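What you see is a predicted model; the values in this text were computed from it and never measured. In what follows, chains are A, B, ... by sequence order, proteins preceding strands, each numbered from 1.
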There are 2 protein chains.
Amino acid sequence: MNNSAQKPGLRERKRRETLQRITDTGLKLFLSQGYEETTLDAIAEASGISRRTFFYYFKSKEEILLAWQSGTGAAIAAAIQEQTADKAPIDAVLDAILSLASQFDANELVAIERLLRSTEELRASKHAKYVQQEGAVFEALCAKWPQARRRDSLRLIAMASMGALRLAVDRWVEEGTKRPLAKHLRETFESLKAELGRQS
Amino acid sequence: MNNSAQKPGLRERKRRETLQRITDTGLKLFLSQGYEETTLDAIAEASGISRRTFFYYFKSKEEILLAWQSGTGAAIAAAIQEQTADKAPIDAVLDAILSLASQFDANELVAIERLLRSTEELRASKHAKYVQQEGAVFEALCAKWPQARRRDSLRLIAMASMGALRLAVDRWVEEGTKRPLAKHLRETFESLKAELGRQS
DNA sequence: AACAATATTGCACTCAGTGCGAGTTTACAA
DNA sequence: TTGTAAACTCGCACTGAGTGCAATATTGTT
């Protein structure tokens, strides 16, 4: 019954607002007090909802942070689809990532990235996220190059690409985000391509 | 009285025994009841220790499982050091892994591997472990080939190797461990090398 | 207005993990 | 042998994440 075409819907609007309010205040509190030091009670209260309601929107505390980059895997996959098919897969991935990179707020991203390094639990979640994205990239590549003689090739490219992405973000954050992320991405992918085209 | 050369030590022996008893009974309970369904109280009681003492040996529940492959990162690094320097880095990593693979009990390994897939938390920890191992491999490679013109090359090899390891283990487990892990490792590394030597 | 679906909340509960402190066992040396 | 420091064990009380349940409120539909 509900046409997903056009319907702002009061309910849906409220939902998005609440969702946004939780992630906003959650991030703010994490940044000011630290992740583990911030309780769900504090987040719920600051968000104007009950503790119980929080779990209606998120299924865990760490999801607040992961939500910021929630659609990333699918977004990269979609961006890959939009790339022209004449370029090499590895370039398609890079260009797809670059096309998304501009949409993110750098300060926000680096803040989240730093939080994700603050505890073992969050670090682990971050890496799991990369693996999930690797899977999404791999499928997107398979969809775009279905005739690829060896899917292993695309699997490798997906792995290496996500590795490069991880490396680029790491360096970007460690360097204090002086140079733009896009620069790091280009550099890292450049040397990746150089190594890929070399005989070991 | 005690020779300073070798000291079994009653204390140290007890410690190892207790450690082993906890991991053994923990694994057994996880396998029979599931990871989340097994409480620390149950593990402690079955291990003949108090709940509080458990936390003297492990700092979290998941550490019981991670302990089984605790030294893996360092072990791979050490095995890389022992490889002859005439082979390519990627082959050194493969051979290092192969030299270790035989030391593990296949049934035990696959059981643990399956448990590590059973919950999101454990999956994340597993991936974090791979990243940690990647770092260890990278450092080992840097130590063995210090003159490498580009460290990026070794970084890539470390990333790709661990990716191949992950892939090989995945397929091995998914195939129901019919063929030996070494076979999968060789195959996966083989196609990895083939792709590395190809112009994208 | 009636009715269904979705959203909000409180309460009580389980369980992982920590801080503290007291008691026990082992190592080691006077 | 005895004393003692260090390592180990344990109980207790506590915090905080996450869940099940069931009651109430809000929104969408007819």
Side-chain angles (χ1 to χ4, degrees), chain A residues 1-23 25-26 29-30 33-67 115 118-122 124-125, chain B residues 1-23 25-26 29-30 33-67 115 118-122 124-125:
Chain A
M1 292 306 189
N2 50 352
N3 285 337
S4 54
Q6 65 277 21
K7 269 202 176 178
L10 185 144
R11 194 166 247 169
E12 184 64 14
R13 208 185 62 227
K14 269 194 171 181
R15 177 177 180 80
R16 288 183 204 279
E17 280 175 6
T18 305
L19 220 44
Q20 191 63 43
R21 191 150 26 88
I22 296 175
T23 49
T25 63
L29 289 177
F30 290 158
Q33 307 180 330
Y35 177 77
E36 290 183 312
E37 291 72 23
T38 305
T39 68
L40 285 182
D41 285 291
I43 297 171
E45 187 179 357
S47 303
I49 60 174
S50 76
R51 192 185 125 74
R52 198 64 187 76
T53 299
F54 169 84
F55 287 104
Y56 183 77
Y57 285 91
F58 297 90
K59 68 184 211 301
S60 72
K61 184 180 175 182
E62 65 180 10
E63 235 190 31
I64 297 176
L65 282 174
L66 302 183
L115 277 173
S118 65
T119 77
E120 198 55 51
E121 179 198 358
L122 293 176
S125 298
Chain B
M1 300 285 264
N2 280 344
N3 290 335
S4 58
Q6 305 298 4
K7 36 178 176 176
L10 184 145
R11 189 167 252 167
E12 184 65 13
R13 207 185 64 224
K14 270 193 171 182
R15 178 178 180 79
R16 289 183 205 278
E17 280 176 5
T18 305
L19 221 44
Q20 192 62 43
R21 192 151 24 90
I22 296 174
T23 49
T25 64
L29 289 176
F30 290 157
Q33 306 180 328
Y35 177 77
E36 291 183 310
E37 291 72 23
T38 305
T39 68
L40 286 182
D41 286 289
I43 297 171
E45 188 180 356
S47 302
I49 59 174
S50 77
R51 195 184 122 73
R52 197 65 190 78
T53 298
F54 169 84
F55 287 105
Y56 183 78
Y57 285 92
F58 297 90
K59 66 186 214 297
S60 71
K61 184 179 173 183
E62 64 180 13
E63 234 190 32
I64 297 176
L65 282 174
L66 302 183
L115 277 172
S118 66
T119 78
E120 199 56 52
E121 179 200 359
L122 293 177
S125 299

### Message
What is the separation between atom OH on A:Tyr35 and atom C1' on D:dG16, rounded to the nearest whole Å?
### Response
12 Å
### Query
Do A:Phe55 and A:Lys61 touch side chain to side chain, with heavy atoms closer than 4.5 Å?
no
### Separation of D:dG16 C1' from A:Gln33 CD (nearest whole Å)
14 Å
### Task
Check whether any side-chain heavy atom of A:Ile64 sits under 4.5 Å from a side-chain heavy atom of A:Phe54, and report yes or no.
yes
### Query
Closest heavy-atom contact between B:Thr25 and B:Ala46?
CG2-O, 3.9 Å
### Task
Could I get the full list of side-chain contact (heavy atoms from CB on, under 4.5 Å) partners for B:Thr119, not counting sequence neighbours?
B:Tyr35, B:Glu36, B:Glu121, B:Leu122
### Task
Verify the neighbour count for atom CD of A:Glu45: are there more than 12 heavy atoms of other residues, nucleotides or ligands below 6.0 Å?
no
Pick out the pairs of N or O atoms, protein on one side and nucleotides 11-13 of chain C on the other, that lie under 3.5 Å.
none

### Summary
Of A:Lys59 and A:Glu37, the one whose closest nucleotide on DNA chain D sits nearer the 5' end is A:Glu37
### Task
Take the protein atom NZ of B:Lys61 and the nucleotide atom P of D:dG18, then report the distance between them rounded to whole Å.
14 Å
## Note on the structure
When rounded to whole Å, the CD1 to P distance for the pair B:Ile49 and C:dG23 reads 22 Å
### Task
Mind calculating the distance between CZ (B:Phe30) and C1' (C:dC15) to the nearest angstrom?
13 Å
Give me, pair by pair, the N or O atoms of the protein and of nucleotides 23-25 of chain D that are less than 3.5 Å apart, along with how far apart they are.
none

## Note on the structure
To the nearest angstrom, the CZ-P distance between A:Phe58 and D:dT19 comes to 14 Å
### Query
Just to confirm, is there a sub-4.0 Å distance from OP1 or OP2 of D:dA7 to any side-chain nitrogen or oxygen of B:Tyr56?
no
### Query
What does A:Tyr57 touch in the nucleic acid at a heavy-atom separation under 4.0 angstrom: a base, only the sugar-phosphate, or nothing?
sugar-phosphate
### Query
Atom CD of B:Glu36 to atom C1' of D:dG20: distance rounded to whole Å?
15 Å
### Task
Give a yes/no answer on whether the side chain of A:Lys14 brings an N or O atom under 4.0 Å of OP1 or OP2 in D:dT27.
yes
#### Entry: B:Arg21/B:Glu17 ion pair, N-O < 4.0 Å
no
### Message
If the cut-off is 4.0 Å, is B:Thr53 near the phosphate of D:dC10, judged by side-chain N/O to OP1 or OP2?
### Response
yes
### Message
If you assign A:Gly48 and B:Thr39 each to the DNA chain C nucleotide with the nearest heavy atom, which residue ends up on the more 5' nucleotide?
### Response
A:Gly48
### Message
Let me confirm one number: the OH-OG1 distance from A:Tyr57 to A:Thr23, rounded to the nearest 0.5 Å.
### Response
11.5 Å
### Message
Please determine whether side-chain contact (heavy atoms from CB on, under 4.5 Å) holds for the pair A:Glu12 and A:Arg16, giving the CA-CA distance in whole Å, both sets of side-chain angles, and the decisive distance to 0.1 Å.
### Response
CA-CA 6 Å; A:Glu12 184 64 14; A:Arg16 288 183 204 279; 3.1 Å; yes
### Task
Test A:Tyr56 against A:Ile49 for side-chain contact (heavy atoms from CB on, under 4.5 Å), laying out the working first.
CA-CA 11 Å; A:Tyr56 183 77; A:Ile49 60 174; over 6 Å; no
### Message
Between C1' on D:dA7 and CZ on B:Arg13, what's the gap in Å once rounded to a whole number?
### Response
16 Å
